[in-house]
Enquirer: 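The structure under discussion is supplied below as structure tokens; questions concerning it will follow.
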Protein chains: 2
Amino acid sequence: MTDNAALEEVDDPRASDGRRPGRRGLATRTRLLGCTAALLERMSYRELKVIDIAREAKTSPATFYQYFPDIESAILALAEATNLDTSPLGEVVRGQSWKGKAGYSVALELVDALLEFWESHRSVLRVVDLLVAEGNLRFQGIRSRMLNDLTLAMADVIADAEGTGRGRSSTQKRMATAGVLVAMLANVTAHRFTFEFWGIPTADLRRSMADVLYTSLTGKAAPRP
Amino acid sequence: MTDNAALEEVDDPRASDGRRPGRRGLATRTRLLGCTAALLERMSYRELKVIDIAREAKTSPATFYQYFPDIESAILALAEATNLDTSPLGEVVRGQSWKGKAGYSVALELVDALLEFWESHRSVLRVVDLLVAEGNLRFQGIRSRMLNDLTLAMADVIADAEGTGRGRSSTQKRMATAGVLVAMLANVTAHRFTFEFWGIPTADLRRSMADVLYTSLTGKAAPRP
DNA sequence: AGAAGTTTTTGACGGTTCGTCAGATTGTTC
DNA sequence: GAACAATCTGACGAACCGTCAAAAACTTCT
């Protein structure tokens, strides 16, 4: 049996003294997380201070430390509390046929859903991405779990398209390709500014993403309407 | 004529009092940048303090403020001082034919070059990426310029592959596709950990990236050896 | 050499945030 | 409403911030 302290932590939050918070305590904790999220929309990760969160939540810094050891932990809790699951996106991928024009419209649908998903969580996700890039294992796990279902679904599409013939690739290779595609989709959103800098409209971006997606998943050129 | 104060700043650094530093001053400035880079390898962006840099450089915090208003500006200067140009990668793309098996090996070559490029600058680039995602315009420019040449080169490859026929796409669409591909390549490196978490070896990753690249640039399926 | 001027560094300081703790406040139970 | 438990906060020493005036190091000129 592995140590599941980290898993417990998710839905069994403790106060700094180790006891389980009650109704009121949990409400305060939730309020602190909400304020953290709100401030992260307005200010940079580096500038965000404990005292800012406390002020926003109309309480004192000491209260913050009652529930979280530091800001990083609060953001971890925030990421866990937020519904960062890509399963609905996985359903989009799985539920439909990827053949021909219909398949291409599924690709477009997925792109839209993913753009929306990332957009609606961008302020948390950009911090998660940084911490993962910094090698922070606590955030590593969250990000992996978040993308896991979508990646598996996409790997299945590749498997279907390949059929059962001799050219069939290994599970690992399909996961690699799916992962690469997810990485692309995820980070185009984060850097939409860069594309605007180059004068590229979002519509073209969306189309290009769908093209890359469709082509790499099915192995066929994207159908031109 | 546009305001080129920002451009001047790059190779015309000023002290906090507005005067040009001399030999010794520039040496100190450079040393501070070096220490900033070194510390960024060891500790997280959020934890990095001015006093850490000063200590590492065997000087006082006041000296740091003589050359940079804050840490963010030091990292900006660091990113500008570092050679973050993708032109050599652009040359890899441009110099060779993208047809058939030879083309696929160019794709592999590009993937390798890009992985190495990102790896060798990862600690700076992950901060640049965060700040760009936060909408920081000063870093926006750096990142765009950095990727500009490579993206243009890749857009040219798409144009070549499309020929001059009627199915030819617009310049903007080709830039969009190239940009999407660059986004993919760039960020797979940053999140290599995630792939290891899934048990995907780097060799598979490299192959998948080359596949996606080749397929999307040339419009043809990747040749199987 | 050394006086005069310039550049660079630093010690010192007031202000802010950090993280902790003991005690005050609020809520619950009997 | 008394006793107990949960929650909050004021207060504090430590660390870091950002600024300034003056010390120190270096250059130039006679």
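Computed from a prediction, not measured in an experiment: that's the story for all the values here. Proteins come first, then strands; the chains are lettered A, B, ... in the order of their sequence lines, and each starts at number 1.
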Enquirer: Quick check on the 6.0 Å ring-centre criterion: do A:His121 and A:Phe117 meet it?
Expert: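 Aromatic pair counts; centres sit under 6.0 Å.
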
Enquirer: May I have the distance from B:Lys58 (atom NZ) to C:dT9 (atom P), rounded to whole angstrom?
Expert: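 Nearest whole value for this atom pair: 15 Å.
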
Enquirer: Is a side-chain N or O of A:Ser120 found less than 3.5 angstrom from the main chain of A:Glu116, in a donor-acceptor match?
Expert: yes

Enquirer: Nearest whole angstrom, please: distance from the P of C:dG19 to the CZ of A:Phe68.
Expert: 14 Å

Enquirer: Considering just the side-chain nitrogens and oxygens of A:Thr63, establish if one lies under 4.0 Å of OP1 or OP2 belonging to D:dT9.
Expert: yes

Enquirer: Under 4.0 Å between a side-chain N or O of B:Arg23 and OP1 or OP2 of D:dT27?
Expert: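 Result: yes.
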
Enquirer: Between B:Thr28 and C:dT8, does any side-chain N or O lie under 4.0 Å from OP1 or OP2?
Expert: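 No, B:Thr28 has no side-chain N/O under 4.0 Å of OP1/OP2 on C:dT8.
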
Enquirer: Let me know, please, whether B:Arg46 or B:Gly22 comes out on the 5' side of the other along DNA chain C by nearest nucleotide.
Expert: B:Gly22

Enquirer: OP1, OP2 of C:dT9 versus side-chain N and O of B:Tyr65: anything below 4.0 Å?
Expert: no

Enquirer: Please report the interatomic distance CG(A:Leu110) to CG(A:Leu150), rounded to the nearest 0.5 Å.
Expert: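 The CG atom of A:Leu150 is 6.0 Å from CG of A:Leu110, to the nearest 0.5 Å.
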
Enquirer: Rounded to whole Å, how long is the line connecting atom CZ of B:Arg31 with atom P of C:dT8?
Expert: 13 Å

Enquirer: Using whole Å, what does the distance between atom P of nucleotide C:dG19 and atom CD of B:Glu47 come to?
Expert: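 Between P of C:dG19 and CD of B:Glu47: 10 Å.
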
Enquirer: Measure from CD1 on A:Ile53 to P on C:dT17 and round the result to the nearest Å.
Expert: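 After rounding, the gap between these two atoms is 13 Å.
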
Enquirer: Side-chain N or O of B:Ser60 less than 4.0 angstrom from OP1 or OP2 on C:dG11?
Expert: no

Enquirer: Without decimals, in angstroms, what is the distance between B:Lys49 NZ and C:dT16 P?
Expert: 17 Å

Enquirer: Round to the nearest Å and state the distance from B:Phe64 atom CZ to C:dT10 atom C1'.
Expert: 16 Å

Enquirer: Both B:Arg24 and B:Ala62 contact DNA chain D. Taking the nearest nucleotide for each, which residue is further toward the 5' end?
Expert: B:Ala62

Enquirer: Using the side-chain heavy atoms of A:Val50, tell me which of these nucleotides is nearest: C:dT10, C:dT8, C:dC18.
Expert: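 Ranking C:dT10, C:dT8, C:dC18 by closest atom to the A:Val50 side chain puts C:dC18 first.
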
Enquirer: Atom CD1 of B:Ile51 and atom P of D:dC16: how far apart are they, to the nearest Å?
Expert: 5 Å

Enquirer: Are the side chain of B:Arg46 and the backbone of A:Tyr45 linked by a donor-acceptor contact shorter than 3.5 Å?
Expert: yes

Enquirer: Would you mind checking if B:Asp149 and B:Arg94 are paired as a salt bridge, meaning a charged N to carboxylate O distance below 4.0 Å?
Expert: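 The answer is yes: the pair qualifies as a salt bridge.
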
